[in-house]
Every structure is written in structure tokens, then in C-alpha cells.
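Presented below is the structure to which this report refers.
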There are 2 protein chains.
Amino acid sequence: MVDGVRTPVAQRTVEQIKAMISDGEVGPGQRLPTERELSTRLGVSRGSVREAIRSLTTLGVLEARHGAGVYVTALRPADLLEAFSVLAEVSRDETLLEVLQVRRMIEPAATAIAAARAAPEDLERIGALLDRMEDGAAPREPAEHGAADLGFHQAIVACAGNATLSAVHAGLSSRTFNERVWAGHDEAGFTAALHEDHRRIHEALLARDPEAARAAAAAHVLRVERWLGAQTRPGPDPAERERPR
Amino acid sequence: MVDGVRTPVAQRTVEQIKAMISDGEVGPGQRLPTERELSTRLGVSRGSVREAIRSLTTLGVLEARHGAGVYVTALRPADLLEAFSVLAEVSRDETLLEVLQVRRMIEPAATAIAAARAAPEDLERIGALLDRMEDGAAPREPAEHGAADLGFHQAIVACAGNATLSAVHAGLSSRTFNERVWAGHDEAGFTAALHEDHRRIHEALLARDPEAARAAAAAHVLRVERWLGAQTRPGPDPAERERPR
DNA sequence: CATGCAAAAGTGGTCGGACCACTTGGCCTG
DNA sequence: CAGGCCAAGTGGTCCGACCACTTTTGCATG
């Protein structure tokens with residue numbers, strides 16, 4: 001008879017562990033039974049238990065500590081951010097345009113809230129990031145520049161006080177993409193324009209002006225969006241796409 | 001001396017496989033080398049390779065077919081949506097408020113775009129969903145009602161033509177949460193208010209009026225947000241949440 | 001008695017091999 | 001030629017052993 005659907009053991013084990021969590025048998029921060037104990041208790045091999053744990057670890061639900069046991073995370077959205085960040089990592093150009101469009105929806109709103117809520121020390125730290133990115137020891141390295149840019153925006157979003165928002169935004173912000181943007185600063189004045197955008201955003205934050213902050217953030221994302229669109233569309237030479245190594 | 005951090009083998013294997021993808025050695029839809037071959041080629045045990053594959057499978061990057069090989073997915077954002085949906089599955093109430101705040105950022109914008117881009121047949125289908133949710137055979141079941149509500153909003157977001165946006169929105173929309181909302185319709189006229197919100201959104205779409213659509217969607221999310229806030233706040237007992245130890 | 005450090009117990013991490021379940025494709029039979 | 005069967009290849013599961021790390025224990029030392 002039917003029913004015949006044989007559920008893979010590892011996947012079923014994932015469900016059972018998730019059930020243990022949602023049933024409250026183990027709560028956030030608490031420790032899971034031993035791999036070996038789960039193995040006998042669920043009647044599956046230890047390897048399958050490990051694969052199940054690996055799966056939930058990847059999702060940010062569990063955390064394994066070598067020597068100590070396996071623990072349930074706090075289950076905060078930030079814990080599940082890691083999984084989402086893979087998106088921007090393997091995305092193609094068309095996808096990046098979509099990603100930027102979403103960022104253009106959330107980042108202005110987040111910046112507006114930040115303008116109203118940010119603590120003075122937050123504003124100071126953001127200003128410091130800005131100085132470091134713009135001033136003196138401005139590194140030629142696009143990598144470092146991109147990382148600083150990323151930190152700047154994430155710090156602002158963090159001021160909105162919404163961890164879920166921060167997690168989503170982080171997933172939509174790719175370090176590698178930022179590096180690409182800052183690497184393509186041959187364009188006339190593009191880097192300078194980005195810096196001015198940043199300054200304008202910072203000033204709006206200092207002025208506690210949500211609407212100005214919203215507008216500045218929207219203009220900034222839109223600038224990057226249009227730049228990427230210009231980069232992608234005319235792309236006449238897919239030949240150079242390989243790396244010389 | 002330093003550097004001393006030894007990277008776990010399985011995790012390093014994950015990186016190597018991801019590198020194979022981003023280097024173009026295997027593209028979307030293509031087949032990965034055998035587990036056994038990867039095992040010898042990367043110099044790690046097959047079990048570790050399996051754990052790495054399991055990890056990437058969980059993220060929606062790979063797909064394993066029993067008997068046939070392991071394949072790279074299309075890498076579309078929708079493929080990586082599954083992982084994100086776990087968030088709404090294990091979230092607490094405070095997190096749900098954060099989630100709604102994010103939805104209030106993206107859903108009005110998405111609805112506005114939909115008003116400008118939606119095809120006539122899309123609008124018709126959305127209208128049909130609306131009728132089914134509101135009219136006659138209105139099921140007492142909160143589950144079915146919540147599912148219809150979910151479908152309504154997702155259909156609208158889909159009209160924006162941004163797959164990444166749809167994936168993010170889906171991750172932020174919990175079926176179980178919607179059921180809770182529709183289950184709590186004892187409140188005076190709350191259900192009716194939600195229906196009127198939906199009608200107003202639909203009318204704005206039909207009128208091809210992006211700003212009206214944006215306002216209607218924002219008002220709708222805000223209504224749910226305030227309802228949840230009222231539900232949650234009076235909650236007086238954080239005592240039950242502690243761990244005994 | 002207090003202290004510190006070494007040994008031991010416990011746990012996750014890795015490895016290797018074996019076998020099972022499933023898919024695929026080619027061979028054989030009719 | 002058509003159809004079904006069989007064998008090779010692949011992922012799925014299991015077992016047992018050992019390694020690396022953490023935590024606890026308990027002994028020796030001051």
C-alpha cells in the first residue's frame with residue numbers, strides 16, 4: 001500500500017529536534033542531549049543525528065561547541081541572519097538589482113527612524129566611521145572601503161532598534177558587492193558622490209530630521225542602483241569575465 | 001603561531017564547494033562531482049563532504065537526488081526562501097512586532113509598484129482571492145482564512161516583479177501568525193476592518209493609483225501591528241520564561 | 001586548609017568501511 | 001522492434017574507532 005512515502009531519516013530527525021524545541025523540552029540557550037544519546041533515543045545512527053544538527057546549525061537554530069554540547073540559540077532574528085547572507089554571495093547581476101530595489105524600500109525608512117531614535121554616542125560612532133572611510137588613511141583597498149561602507153549603513157540601521165530589520169538588511173548587504181562598487185571608482189566622481197551622500201545622511205541624522213534622512217538614504221541607494229544598472233546593461237564583453245589567476 | 005585557529009574540516013569544505021560555484025566550475029542546474037570523488041579530491045572523509053552538502057542543501061544552494069547526483073539549484077532568491085521561513089516559525093511575540101514593522105516598510109512600496117505594473121489578469125485573480133476570502137463560503141476556520149489572506153498579499157507583492165522582494169516578504173509572512181490574527185476576530189469589527197482594508201487596496205490597484213495603494217497597504221499593516229501590540233502588551237508574566245538550572 | 005595543576009571523563013569532530021535504496025542506462029529476452 | 005530486467009553508479013544510512021577540545025575531578029603541593 002501506499003503511503004509508501006519513506007521520509008529520509010535525517011530530515012525526519014530534523015523535524016523531531018525542531019519539535020523538541022517548539023514543545024519546550026529544550027528552550028533557547030539550553031543544552032541539547034548528547035549526539036550519542038539522541039542517536040539511541042531516536043533510533044537512528046549518530047551520523048544522521050549529526051547531519052540533522054548540521055542542518056539546524058546552518059539555519060542558526062542550534063550552535064555546536066566542540067567539547068561542550070550542542071545548544072539552542074537565543075532564536076533571535078540575528079541568529080538566522082547568516083543563512084540569508086548567502087543570497088547576496090552567489091547572486092548574479094540581475095538579482096543584485098532586485099536586492100538594491102528592496103534595500104531602497106527599507107533603508108530610507110530605517111534611516112528615518114534612526115534620525116529620531118539614535119543616541120548621541122551612536123551618532124558619534126557613525127561619524128567616526130564616516131571620517132575613517134573618507135579621510136586621510138583612505139585605503140586604496142576596495143575591500144576595506146567596502147567593509148567600512150557596510151559598517152556605516154549597518155550602524156545606522158541598528159539605531160532603528162529593530163533586530164529583525166537589521167538581520168534582513170544584513171542579508172541584503174553583500175560585502176563582496178560593496179567591494180565591487182568601490183573598486184569601480186574610475187567613473188568620474190562616483191566615489192566623491194558616494195561620500196557626499198554619506199555626509200548628507202549623517203547631517204540629517206545629526207539634525208534629527210527623519211524626512212531629510214529618508215530622502216538622503218533613498219537618493220544614495222538609487223545612485224548605486226543606477227550605477228549598477230549602467231554597469232550591467234551595456235556590458236558588451238562577457239569575455240573578460242574570467243579571472244586570469 | 002597565531003592564525004592558530006584551525007578551521008573545522010566540514011566548514012572549510014562548505015567554502016570550497018561554494019568557491020566551485022562562484023568560480024563557475026559548476027553552474028546553476030549542473031551536477032556536482034560524486035560525494036566519493038569530492039572526498040578524495042578535497043582530501044576529507046565522505047562524511048564531512050556529506051555534512052557540507054547537507055549544509056548547502058539546507059540553504060537552498062544544492063539539491064540532492066537519491067540515486068542520481070547532487071545538483072546546483074537555479075540559485076534564484078525563491079530557492080533560498082525556505083531557509084528564511086524558519087524565522088517566523090519559531091518567533092516570539094516581540095519578534096513578530098519587529099517583523100510587522102519591516103513589512104510596513106516593504107509592503108506599501110511593493111503595493112505601489114504593483115498598482116503600476118500589475119497585468120489585468122493578475123488584478124482579476126487578486127479580486128477572485130478577495131471574493132473567496134470575504135464572501136459566502138467564508139470558512140470559520142482561521143487556518144483557511146489566514147492562508148487566503150497570505151495568498152492575497154503574496155499575489156500583490158508578486159506583481160511587483162521582484163523575485164527577491166517576494167522571497168523576503170514570504171519569509172516575513174508566517175502562515176501560523178495569520179491564523180492567529182484571524183482567530184482573534186472576537187474584537188469588535190476587527191475582521192470587518194481587515195476586509196475593508198483589503199477592498200481599499202484592491203480598488204487602488206484597479207485605479208492604477210500607486211500612492212493610494214501605498215497608503216492603503218500601510219494603513220492595513222499598521223492596523224494589524226497595533227492589534228498585535230494591544231494583544232501583547234498586557235501580557236504580564238515574563239516569569240514563566242526562565243530556565244531552572 | 002587553600003591552591004593550582006595534571007589526569008580523566010565526557011562531548012563534538014573526523015575518519016574509514018560496509019551495506020542499503022534508488023536511479024539510470026544498456027543489455028537481454030520475447 | 002518493444003518491453004522488461006539486470007547491473008553499475010550514486011546518494012542514504014549505519015557502525016565502530018579515534019582525535020580534539022572542554023569540563024570536571026582529585027591529587028599533590030605550598
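If you're wondering where the values come from, they're calculated on a predicted model, not measured in any experiment. Naming convention: chains lettered A, B, ... in sequence-line order (proteins, then strands); numbering from 1 in each chain.
When the options A:Asp122, A:Leu205, A:Ile113 are evaluated for a side-chain contact (heavy atoms from CB on, under 4.5 Å) with A:Ile156, the one that passes is A:Leu205.
Between the side chains of B:His169 and B:Glu107, a donor-acceptor pair is found at a separation under 3.5 Å.
Proximity of a side-chain donor or acceptor of A:Glu51 to a complementary backbone N or O of A:Ala10 within less than 3.5 Å is not detected.
Using cut-offs of 30° and 60° for the angle between ring planes, the A:His220 and A:His153 rings count as parallel.
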Just by protein heavy atoms under 4.0 Å, how would nucleotides 10-19 of chain C read 5' to 3' in B, S and -? BBBBBB--BB

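Listed by chain and residue number, nothing satisfies the side-chain hydrogen bond (donor to acceptor under 3.5 Å, both in side chains) test with B:Thr111 (two or more places apart in sequence, or in another chain).
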